[in-house]
2 protein chains.
Amino acid sequence: MIPDSCDETAVLDRAEASCRQRGASLTAIRREVLALLHRAPKGIKAYDLLEQIRHTRGNASPPTVYRALDFLIEQGLAHRIGRMNLFVACRHGKHSAPSLFLVCPKCNGVTELEDAAVVSSLYASLAATGHRLDSPEVEISAICPQCAAA
Amino acid sequence: MIPDSCDETAVLDRAEASCRQRGASLTAIRREVLALLHRAPKGIKAYDLLEQIRHTRGNASPPTVYRALDFLIEQGLAHRIGRMNLFVACRHGKHSAPSLFLVCPKCNGVTELEDAAVVSSLYASLAATGHRLDSPEVEISAICPQCAAA
DNA sequence: GGAGGAAATGCGATGTTATAACATGGCCGC
DNA sequence: GCGGCCATGTTATAACATCGCATTTCCTCC
Ligand SMILES: [Zn+2]
Ligand SMILES: [Zn+2]
Ligand SMILES: [Zn+2]
Ligand SMILES: [Zn+2]
């Protein structure tokens with residue numbers, strides 16, 4: 001987990017370096033989208049992202065943001081929450097194991113959680129049916145602490 | 001798990017009875033939609049369902065199928081796979097615990113799996129962060145045996 | 001049997017999310 | 001300069017889902 005003390009620029013620079021390592025390039029658009037994702041810790045919808053990015057790029061269109069998102073996801077810098085049509089920045093470094101995404105149906109917030117115990121029992125269970133885990137995203141609907149209180 | 005030997009009519013009749021128990025009614029439209037879901041063991045998309053149901057009800061429109069799906073999901077007779085915009089009939093009776101949905105990204109097939117070990121470690125993990133499990137659906141992307149072989 | 005009300009359906013329009021298809025522009029090795 | 005490659009711009013459209021309101025159906029109570 002990246003400490004909160006790291007400021008946005010540092011996070012982005014690190015992302016840029018990790019892309020470069022893999023021969024990919026974090027271009028200006030992609031960097032901007034990643035920055036916006038980081039400013040939305042609970043996740044953001046593609047068209048909200050589009051609206052935001054038009055503040056700096058008036059001509060942005062849906063493909064602009066979907067292409068950037070696809071790239072970021074491919075690079076492991078962001079995740080897609082299918083259930084909610086929501087996108088979130090990855091808050092971990094390189095994933096050694098899949099993350100759990102706790103999606104709160106009340107506030108639409110997303111929490112990313114790494115948990116070795118759950119993941120290992122998951123592997124065992126899947127292996128028994130001949131399946132092989134494919135994506136780093138396991139989506140779970142769960143009421144978050146704030147909404148549980150209310 | 002409902003044995004395969006049960007034919008469609010029996011499954012539907014049982015569903016109808018269980019709705020009635022709860023004071024809900026499995027109307028003709030809902031029953032037809034449920035039947036179509038059962039004929040698509042790997043899941044089906046809403047608009048494919050719409051096309052199918054127009055064979056018997058020429059005037060069906062998107063709300064027709066979405067309303068039926070909402071009802072079936074509410075009654076625990078079907079599940080929605082958010083990641084794929086896919087709907088599947090529930091292949092279990094009343095759920096005592098959440099199911100795992102293994103979604104194969106190659107063939108778009110969905111397998112429903114109940115696994116106590118995974119679910120209990122999930123509960124423990126969520127409780128530690130103050131979350132409370134909310135839905136009976138945990139979506140996991142996993143290559144299915146057939147696609148793994150190919 | 002008839003009035004009233006709740007639930008379900010019909011219907012058209014609209015909103016939301018995502019991709020297709022094709023053109024353009026910059027960069028690099030040749 | 002030329003050709004290949006990647007990123008981007010641009011327009012249109014596909015795919016998925018919901019709203020709002022009129023009408024019908026079904027049940028209940030009188
Ligand atoms: Zn992550
Ligand atoms: Zn919440
Ligand atoms: Zn089920
Ligand atoms: Zn498959």
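Order of the sequence lines fixes the chain letters, A, B, ..., with proteins taken first and strands second; residue numbering starts at 1 for each chain. Below, each value reflects all heavy atoms present in this structure, side chains not excepted, and no hydrogens, waters or symmetry copies.
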Winner on side-chain proximity to A:P62, out of D:dG9, C:dC11, C:dA18, is C:dA18
*asked:* Side chain of B:P63, heavy atoms from C-beta onward: which of D:dT11, C:dT19, C:dG12 has the nearest atom to it?
replied: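 Comparing D:dT11, C:dT19, C:dG12 against the side chain of B:P63, the answer is C:dG12.
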Salt bridge (Lys or Arg N to Asp or Glu O under 4.0 Å) with [X]: which residues, sequence neighbours excluded?
X     : result
A:R80 : none
B:D13 : B:R31
B:R54 : none

Can a side chain N or O of [X] be found less than 4.0 Å away from OP1 or OP2 on [N]?
X     : N      : value
B:K45 : D:dA15 : no
A:R80 : C:dA18 : yes
A:N85 : C:dT16 : no
A:N59 : D:dT10 : yes
B:R67 : C:dA7  : no

Atom pairs and distances, side-chain donor-acceptor, residues 65-74 of chain B, under 3.5 Å, sequence neighbours left out:
none

I need the [atom1]-[atom2] distance between [X] and [N], as an integer number of Å.
X      : N      : atom1 : atom2 : value
B:I44  : D:dA17 : CD1   : P     : 13 Å
B:R83  : D:dC16 : CZ    : P     : 16 Å
B:M84  : C:dA18 : CE    : P     : 13 Å
A:Y66  : D:dT10 : OH    : C1'   : 17 Å
A:N108 : C:dT16 : CG    : P     : 14 Å
A:D70  : C:dT19 : CG    : P     : 7 Å
A:E74  : D:dA7  : CD    : C1'   : 13 Å

Quick tally for nucleotides 23-30 of chain C: nucleotides whose base has a protein heavy atom under 4.0 Å get B, sugar-phosphate-only ones S, the rest -, giving --------
B:F87 and B:H79 aromatic centres sub-6.0 Å: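 Centroid separation for B:F87 and B:H79: 6.0 Å or greater.
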Here the residues of residues 22-32 of chain A within 4.0 Å heavy-atom distance, strictly under, of DNA chain C are none
Per the under-4.0 Å heavy-atom filter, residues of residues 46-56 of chain B near DNA chain C come out as none
Donor-acceptor list for residues 113-124 of chain A side chains, cut-off 3.5 Å, not counting sequence neighbours:
unit_1: A:E114; atom_1: OE2; unit_2: A:H95; atom_2: ND1; d: 3.4
unit_1: A:D115; atom_1: OD1; unit_2: A:A117; atom_2: N; d: 3.0
unit_1: A:D115; atom_1: OD1; unit_2: A:V118; atom_2: N; d: 3.0
unit_1: A:D115; atom_1: OD2; unit_2: B:S125; atom_2: OG; d: 2.6
unit_1: A:S120; atom_1: OG; unit_2: A:A116; atom_2: O; d: 3.4
unit_1: A:S120; atom_1: OG; unit_2: A:A117; atom_2: O; d: 3.2
unit_1: A:S121; atom_1: OG; unit_2: A:V118; atom_2: O; d: 3.0
unit_1: A:S121; atom_1: OG; unit_2: B:S121; atom_2: OG; d: 3.3

* Please tell me which of A:L86 and B:R57 maps to the more 5' nucleotide of DNA chain C, matching each residue to the nucleotide holding its nearest heavy atom. =>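 So the residue in question is B:R57.
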All side-chain contact (heavy atoms from CB on, under 4.5 Å) counterparts of [X], not counting sequence neighbours:
X      : answer
A:A89  : A:L34, A:L37, A:H38, A:R91
B:D134 : A:P105, A:S141, A:I143
B:A35  : B:E8, B:L12, B:R39

Item to complete: Can you tell me which residue pairs pass the salt bridge (Lys or Arg N to Asp or Glu O under 4.0 Å) test with a partner in residues 135-150 of chain B, sequence neighbours excluded?
Response: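 Listed once each, the pairs are A:R83-B:E139, B:R83-B:E139.
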Next item on the list: Could you tell me whether a side-chain N or O of B:R22 sits under 3.5 Å from a main-chain N or O of B:Q75, the two making a donor and an acceptor?
Entry: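 Yes; at least one donor-acceptor contact below 3.5 Å.
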Give a yes or no answer on whether the side chain of A:R30 reaches the backbone of A:S25 with a donor-acceptor pair at less than 3.5 Å.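 The answer is yes, because a donor-acceptor pair under 3.5 Å joins these two groups.
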